[in-house]
Protein chains: 2
Amino acid sequence: MSEQVTDHMTGDEDGALLPQPETGDIRLVKILHALGDPTRLHLLRVYANGEQCDCSSERLGLDHLHKSTVSHHMRIMREAGITSTRAVGRNRYVQLRRADLDARFPGFLDALLKSAEGEEL
Amino acid sequence: MSEQVTDHMTGDEDGALLPQPETGDIRLVKILHALGDPTRLHLLRVYANGEQCDCSSERLGLDHLHKSTVSHHMRIMREAGITSTRAVGRNRYVQLRRADLDARFPGFLDALLKSAEGEEL
DNA sequence: ACGTAAGTTTGACGTGCATCAAACAATAGA
DNA sequence: TCTATTGTTTGATGCACGTCAAACTTACGT
């Protein structure tokens with residue numbers, strides 16, 4: 001059988017990968033700088049629970065922020081090497097770069113997430 | 001024999017402790033913000049190798065910075081809860097708050113220092 | 001007591017950042 | 001094709017930050 005185009009978005013078909021640093025080019029100080037902001041530390045915890053579509057502010061618990069501001073934070077996290085974003089249609093599928101971060105800084109992400117668990121925004 | 005006052009500084013007599021947050025009040029986002037700067041991430045590694053007297057720029061590998069700038073970075077790290085500073089005479093004895101940080105965020109400091117090992121400033 | 005040395009504090013300056021608003025691009029749906 | 005939706009980009013604004021310079025504080029040494 002040949003490939004058949006599906007009607008509905010499954011969320012796992014490939015989409016254009018937005019620009020992000022190579023694993024080897026991820027710099028620790030840039031990660032720390034990116035996460036040294038309450039909003040982005042919050043986003044880290046959101047994406048730690050799995051891939052997320054829907055960048056809308058309400059869904060991310062950021063209803064007090066303008067959508068352009070959210071987009072700005074997304075870009076900083078992506079350019080720091082923390083998240084990876086696939087553009088599929090009008091949606092963005094964002095996920096943590098767990099494997100890459102573990103390869104570059106073993107144990108760091110786990111320790112960080114565990115430390116962030118009990119913290120309020 | 002009664003106590004005898006020593007002529008030379010031994011480095012371990014008590015001095016006034018500069019203001020710092022309680023262990024329970026240390027906030028992760030503040031730590032990340034403090035270390036999201038090349039100079040302060042460098043200082044973290046310096047103090048990870050043991051207590052340091054002499055805040056002079058040359059001794060800390062910061063000869064390109066003014067002494068007031070170094071003092072500024074010291075204060076930020078101290079107020080973030082990363083370092084502890086005892087004032088003895090004209091000197092400042094700075095050390096990492098290892099025990100406090102481990103108690104507040106178990107495993108975080110170790111993972112961080114290990115990640116910072118291979119990084120150039 | 002006087003001068004020197006170590007750090008801190010304050011003020012100033014330029015830059016970067018978080019935020020919003022508006023314009024823009026691209027896609028889905030009718 | 002037209003319209004609505006999703007997200008990005010650009011411009012503007014106010015604030016925080018890194019840096020230096022100068023003044024100030026405190027303590028050592030003679």
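A note on names: the letters A, B, ... follow the listed sequences, proteins ahead of strands, and every chain is numbered from 1.
- Annotation: side chain to side chain donor-acceptor pair (under 3.5 Å) contacts of S115(A) (sequence neighbours excluded): none.
- Direction change of the helix axis from one end of the helix from dA1(C)-dT30(D) to dA30(C)-dT1(D) to the other is 20°, with five pairs defining each end axis (rounded to 10°).
- We find that K30(A) and E119(B) are not joined by a salt bridge, their nearest charged nitrogen and carboxylate oxygen being 4.0 Å or further apart.
- A distance-only check finds no donor-acceptor pair linking the side chain of R86(A) to the backbone of L18(A) [under 3.5 Å].
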Going 5' to 3' along nucleotides 15-23 of chain C, which nucleotides have protein heavy atoms under 4.0 Å from the base (write B), which only from the sugar-phosphate (write S), and which from neither (write -)?
--SSBBBB-
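- For H73(A), the side chain to side chain donor-acceptor pair (under 3.5 Å) test picks out R40(A), with sequence neighbours left out.
- At least one side-chain nitrogen or oxygen of S71(A) sits closer than 4.0 Å to the OP1 or OP2 atom of dT8(D).
- Residue L43(B) contributes atom CG, which lies 12 Å from atom P of dG18(D) at whole-angstrom precision.
- Separating the CG atom of N91(A) from the P atom of dT27(C) is a distance of 12 Å, rounded to the nearest angstrom.
- Under the side-chain contact (heavy atoms from CB on, under 4.5 Å) criterion, R75(B) pairs with R78(B), E79(B), not counting sequence neighbours.
- Considering all non-hydrogen atoms of both residues, A80(A) and I31(A) come closest at O-CG1, 3.8 Å.
- With hydrogens and angles left out, the side chain of R90(B) and the base of dT26(D) share no donor-acceptor pair within 3.5 Å.
- In terms of the side chain to side chain donor-acceptor pair (under 3.5 Å) criterion, D37(B) has no residue partners (sequence neighbours excluded).
- Across Q95(A), R98(A), Q20(A), a single residue satisfies side-chain hydrogen bond (donor to acceptor under 3.5 Å, both in side chains) together with S84(A), and that is Q20(A).
- In this entry the distance linking CE of M77(B) with C1' of dG7(C) reads 17 Å, nearest Å.
- Rounded to whole Å, atom C1' of dT9(D) lies 16 Å from atom CE of M74(A).
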